[in-house]
Structures are given as structure tokens and as C-alpha cells.
Amino acid sequence: MFMEHLSNGIALGSIYALTAIGYTMVYGIIRLINFAHGDLYMVGAFLTLTAITILNLPIAAAMLFGMAGAALFGIAIAKFAYSPVFKAPRISLFLSAIGVAIFLENFAMLVWGPETQSFPEVMTNKIYNFAGFRMSTIQIIIIVVTIVLVSVLSYIVKYTKMGKAMRCVSQDMDTARLMGINTNRVVYFTFALGSALGATAGALVGMYYKAVFPMMGFVPGLKAFISAVIGGIGSIPGAMIGGMLMGVSESLGAAYVSSGYRDAIAFVILIIVLLFKPTGILGKTMKEKV
Amino acid sequence: MTNLMTVLRNLIFYSVILFVAIQVLARFFDFASKKLIKVGGGKKKLLIAGVGVFALVLPLLLAGEPYILRTSVMVLLYIVLALSLNIVLGQAGQLSLGHSAFYALGAYTMAILTVSFGVNFWIALVAGGVVAGIFGFVLGIPTLRLKGDYLAIVTVGFGEILRLILINWGTFTRGPAGIPGIPSPSFFGMAVKGNTGYYYIILVMVIVTIIISKRLEDSRLGRGLAAVKDDEIAAESMGVNPANMKILAFVLGAVIAGFAGGFFASFVHYVNPDNFTYMESVTILTMVVLGGLGSIPGVIVGAVILAILPEALRDISTYRYAIYGILLAMMMIIRPQGMISLDSLKRRSAADENPRSIWNFKSFRRSNGR
């Protein structure tokens, strides 16, 4: 039983990790907790579902459609809701993000309906046994997709020109601009990338639990954010570690402590981390200048 | 697809209306507050007395209109809630998104004490305030280490955990089914039956809340809160203890919200966990932001507008929260200081000179967060 909960936890953790990377990247660039990120995950799931049921696309193409759609959503949000308040105090930016999150949830409710929609069976689900470590096809797919996407992302951040620009902007936006970097483009690119990753996570969750509904992004979004904080916000490997820790502890906690309070576990972890190591596992300490 | 087109068309249409409405209201309130600020002491007292008399005789005018009277009670209830959040958010500058948790605590204390233990309404009302205040103190402790958006996430978590407890602790809270049959209060032996009685109870609560907010604003504690909001480090160096101030703000806001919750439970005679979701916190937050953070008349105006709006727009109630979302983002872009801002009422706030403050709306300087 323990191994089964562990493999469930790892699959869940991969999803949190994918979502947490979006939070961490956006936070690294503009110091904003993108409250709407969890809802982009939901939008990604709905777009993938729509592509399968209405456009009759195969699952891989449908997921690409969901990613592209969510990336466009992400850019539109950054353009219309965030960029007018970039230079305003952070509280305005954050309240604007809360507004966008509420809007997206209710937008999805209006377009796709408030009820839970079932995700069609897209593949035969078999159980594999690796020396007591039981995993289903879908869990393996989730883990493989996560590894591939994170590798691609690390390549982009480390070795491409845009990635270099992203790292510059995250260190100091004003200086980056002085050095001739088009910071707006970097910001939009970051939002697009983060939203696409979030959308993939949403689509995978849709496949995993076979259910898609407008509020599905709210609690996972908070948990993914908490994962990003545990790992050290702003750090991509930190988000991976945090996501895995969150997934495993939630899965084990639900199994051995109480299943009714599985959503509460995340917040308890958050409060503990923030009280004892607010910078997270891989985070850098930031001193406040007076 | 046709559905998508209709939704998009409607949303664009509502956004345009919202944009125009914000602009018009902003002009109107700017004009009105400029006029009112010049009004002298005597006339001001007359004005306040006029509003008071109007509020007192309103139930008599609405004797034949139970629906409007009920709506007025809800409007007053939301004024209390918005003012209680304003103490935390507007006066002390702590971003709390879990305010519905305190509201829920008050309501459930009322429900459990009156239904299961047969306690008197008034005692249960006070108990609700006390319970909410204790939890406000508990939530206030993490705020000592957290700021801005981190704090907001912790408060969201607090609200969610409380809701989970209400759902899961079946033996005590009756779970998702909620607690029905909460009795009406009695006042010196007279049972408060109709909406009129409730109207006067909540009116007293509104007046008390306004007095507390106003007195707090002008008191030593209130100045301390404002100092912590503008610049915590500077406040500390001037001898203000930010820890005490923040906890005080949380406890005070929680107690008032707890009283409002107790009243609500008795008023609708039924509570269940769905009444106290995150969306309820967002509604209260939107009221405070729309009216003007930290400005008492502003918050009252915001609460009145947003409490009446859903009743007036019953036909498009499915769009309600989508419109709230657009409203929040739009307010931040075109009028972040709210309808009746502090700045238009008195001198510029000290936050405007401090580039480190998250409340600095005037000097748009970015330090990239460091």
C-alpha cells in the first residue's frame, strides 16, 4: 500500500511541479504571485478537452492546442491586466491578479458550464509492476511529460538568447533594459511559457482524474504556489523539488492522516515553511534595503 | 461556439459599461467630496443627522416592501463586514483574503450555541465575536513574519482550512448540510420577529462599527496602524511596535466580522459552509477596493454599491463574479485609490513619499522588488 501511495504522490507531485514552475518563473521576472496561474491550468484542461471532443484531435495534438491556447491567454492577461500596473505598487498588481483569477473561473463557467465534465478515455490504462512499485500508464505518461518539458525549459533558460535575457531581467529589470533587452518581450515570453506548462499540467490532471470543472484550478494553484515557496521562489529546480515534496506528502497524508483534510496539509506545510525557513529550500535570502 | 460568442459579446458590453460607470462615479465622488470637505461643522452635523434620521425611518417607509427591507438589512450587514476588513486592509495595510472565515466563525458560534445549547441570542452574539477574535489573534501571529502577497496566501489557506473543518467535523457542525432552525432574538422579552427588528439591530451595529473605525483612525492606535501601513521599519524606529499593531488590527477586524456573522446566522435562520467561501471574502475585498482602501465613507459607498448591484441585476446573475473580477482589475488600472480616496479627503498620505511601501500609489517607481 505504501508504495502505491508513493507512486500516486510522485504523479501528483509532477503535476504540482509543472504548475509551480509557472509561478516561480513569473515571480522571478516581475515579483508577482500570479494568482491567475491556477486558472490558466484549468483553461488548459478545458481547451484540451474541447480539442478532443469538438475538433476530434488526437490527444497529443489536443494538448499542444491547449498549451498554445493557454499561452495566448497568458500573454493577453499580461498585456491587458498586468502591464498597465507593472509600475504601480505591488498591491495593485496583486489585486489585479486576483481579479483576473476570479474572471477566468467565471468565464470558464459561462462558456463551458458550471458542471463537471468527464474527460474521454484516450488510452488503455494498464498497471505496471516494478518490484512492488505499481504505476499505471497515465502516471508514467505524467512523469515522462514532466521530465521532457522540464528538460526543454532548462535548455531554453540556460542556452538560448531568450533564456539569457530572462535571467538578466530576473536579476534587475531596469539594468536589463539599459543593456538593450526588450523587457516587455521577455515578460510576455515568460507568461506564455509558464501558462503553457500550467496548461499541460491541467490537461494531465484532466486525463488522470477524468474530470474537468471551472474551479479545478483554485486549490491546485494554491498548492503549486506553496510548492514554489517550499522550493524557494524564483528557483526552477526548487519548484521541482517543492512540487514533488508536496505531491508525496499530500498523498501519504491523505492515506495515513485524514482524507477529509488533504487540502489542509498543504497550508500547514506552508505555514511551517514560512515560519522557519521563509526563503525555501533553494531560495536566496533577500535583504531589504532601508 | 455560439455560446462562446454570446459570452464574449456580453462580457465586452459589460466591461464597457463598467469602464464608463467607474469614470462617471469617480468624477461624481471627486466633485462631491470636494464640495463636502468645505462644508463647515454645523452643516456637517446637520447632514449626518439627516442621514441618521433617514436610516431610522426607512423601515417605516418600506412597511409594504419586505423585499427591499430585506435587501437594506443585507446592505447594512455588508457595510459592517467591509468596515471590519477595512481595519485590517485599509488602516493596517495587511492583505487578508480569509475574512469570510471570521464571518463563518461568528455565524457558526451563534448557530451551535443557540440551536444545540439553547443559549440566548445576545450572549451567543458576543461569544461569536470573542471566538472570531481569538482566531484573529491566531491568524495575526504569522503576519508578524509575512508581508503582502505571502500573507494573502496564508489567509486564503486559513479560510479554506476552516471551511474544511466545518464540512468534515460532522458531529459538531452537521457538515455540508448546515444547521437549520436558528431562533430569532428577543429584546427585553419582546421577540424580534420581522425584518424591522433585525434592521434596527444591524443599524446599531453599523453605527457602532463606524464609530469604532472613526475613533480608531484619530486615536494613538490608529496613527500607529497607519505608520505600520506606510513603513514598518520607520514605524518601529519611531517607537511603534508593529507586532502589536498588526495583531490588534486582525483581532479588531475579526471581532467585528464575528458579530456580523452571528447576526447573519440569526437573520437567515440557517448556516452552511457554502455561505462562507473564498468568493465571499473576495466580495468583501471588492467592496473595500471599489470604495477606497482606508477611507470610511468610501468603504460604505463600496459596500452599498456592491450589495445592491446583484439585486438590481438579477437577470445577469451568472455574470456576477465575472464582472467582479473585471471590476477589481479595472479599478487597479484606472482608479487604484478607489471611489472616495483618502487623498481627496485629507492631505497626501505618507506612503506616497516612500518608494518601499506597497501602498505607494503616487510615485510610480519600481525597485524590482529589492
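Every chain is numbered from 1 and lettered A, B, ... according to where its sequence line falls, protein lines coming before strand lines.
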Chemist: Hey, does the side chain of B:Thr155 reach the backbone of B:Leu97 with a donor-acceptor pair shorter than 3.5 angstrom?
Modeler: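 Answer holds: yes.
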
Chemist: Hey, does the side chain of B:Lys246 reach the backbone of B:Ala92 with a donor-acceptor pair shorter than 3.5 angstrom?
Modeler: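 Judged by distance alone, no pair lies under 3.5 Å.
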
Chemist: Restricting to ring pair (Phe, Tyr, Trp, His ring centres under 6.0 Å), what partner residues turn up for A:Phe213, sequence neighbours left out?
Modeler: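 Residues passing ring pair (Phe, Tyr, Trp, His ring centres under 6.0 Å) with A:Phe213: none at all.
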
Chemist: When only pairs under 4.5 Å are counted, which of A:Leu95, A:Leu32, A:Val85, A:Leu270 shares the most heavy-atom pairs with chain B?
Modeler: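 Going by pairs under 4.5 Å, I would pick A:Leu95.
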
Chemist: Would you say the side chain of B:Val138 lies within less than 4.5 Å of the side chain of B:Phe250, judging by non-hydrogen atoms?
Modeler: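 A side-chain contact under 4.5 Å is absent here.
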
Chemist: So which residues of residues 282-292 of chain B are in contact with chain A at a heavy-atom cut-off of under 4.5 Å?
Modeler: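 Under the 4.5 Å heavy-atom cut-off, B:Val282, B:Leu285, B:Val289 qualify.
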
Chemist: For B:Leu8, which atoms come within 4.5 Å of any heavy atom of chain A: side chain, backbone, both, or neither?
Modeler: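 The side chain, not the backbone.
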
Chemist: Give the ring-plane orientation class for A:Phe107 versus A:Trp112, where under 30° counts as parallel, over 60° as perpendicular and anything between as tilted.
Modeler: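 The rings of A:Phe107 and A:Trp112 stand perpendicular, inter-plane angle above 60°.
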
Chemist: Between chain B and each of A:Ala101, A:Ala266, A:Ser96, count heavy-atom pairs under 4.5 Å; write down the option with the most.
Modeler: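 Among the listed options, the one with the most contacts to chain B is A:Ser96.
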
Chemist: Show the nearest heavy-atom pair for residues B:Leu11 and B:Ser15, with the distance to one decimal.
Modeler: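 Nearest pair, atom of B:Leu11 first, then B:Ser15: O-OG, 2.6 Å.
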
Chemist: What part of A:Leu222 gets within 4.5 angstrom of chain B, counting heavy atoms only: side chain, backbone, both, or neither?
Modeler: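 For A:Leu222, the side chain is the part near chain B, not the backbone.
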
Chemist: Side chain, backbone, both or neither: which part of B:Tyr278 has a non-hydrogen atom closer than 4.5 Å to chain A?
Modeler: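 Answer is side chain: those atoms of B:Tyr278 sit under 4.5 Å from chain A.
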
Chemist: Would a distance-only check, ignoring hydrogens and angles, find a side-chain to backbone donor-acceptor pair under 3.5 Å from A:Asn106 to A:Met109?
Modeler: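 Not confirmed, A:Asn106 side chain does not pair with A:Met109 backbone.
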
Chemist: Just so I know, are the side chains of B:Leu89 and B:Gln94 near enough to count as touching, which here means a heavy-atom distance under 4.5 Å?
Modeler: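 Contact flag for B:Leu89/B:Gln94 side chains = no.
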
Chemist: I need the residue from B:Leu327, B:Val156, B:Ile165, B:Ile323 with the largest number of non-hydrogen atom pairs under 4.5 Å to chain A.
Modeler: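 The answer is B:Ile165.
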
Chemist: Heavy-atom cut-off 4.5 Å, strictly under: side chain, backbone, both or neither for B:Met279 against chain A?
Modeler: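 When you check distances to chain A, only side chain atoms of B:Met279 fall under 4.5 Å.
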
Chemist: Are more than 12 heavy atoms from other residues, nucleotides or ligands located less than 6.0 Å from atom OH of A:Tyr188?
Modeler: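 More than 12 heavy atoms, drawn from other residues, nucleotides or ligands, come within 6.0 Å of this atom.
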
Chemist: Chain B heavy atoms under 4.5 Å from A:Val111: which part of the residue, side chain, backbone, both or neither?
Modeler: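 For A:Val111, backbone and side chain are both near chain B.
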
Chemist: For the residue pair A:Phe65 and A:Ala51, what are the closest heavy atoms and their distance?
Modeler: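 Heavy atoms only, the tightest pair is CD2-CB, 3.5 Å.
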
Chemist: Which bit of A:Phe80 is near chain B, if near means a heavy-atom gap under 4.5 Å: side chain, backbone, both or neither?
Modeler: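 Only the backbone of A:Phe80 comes within 4.5 Å of chain B.
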
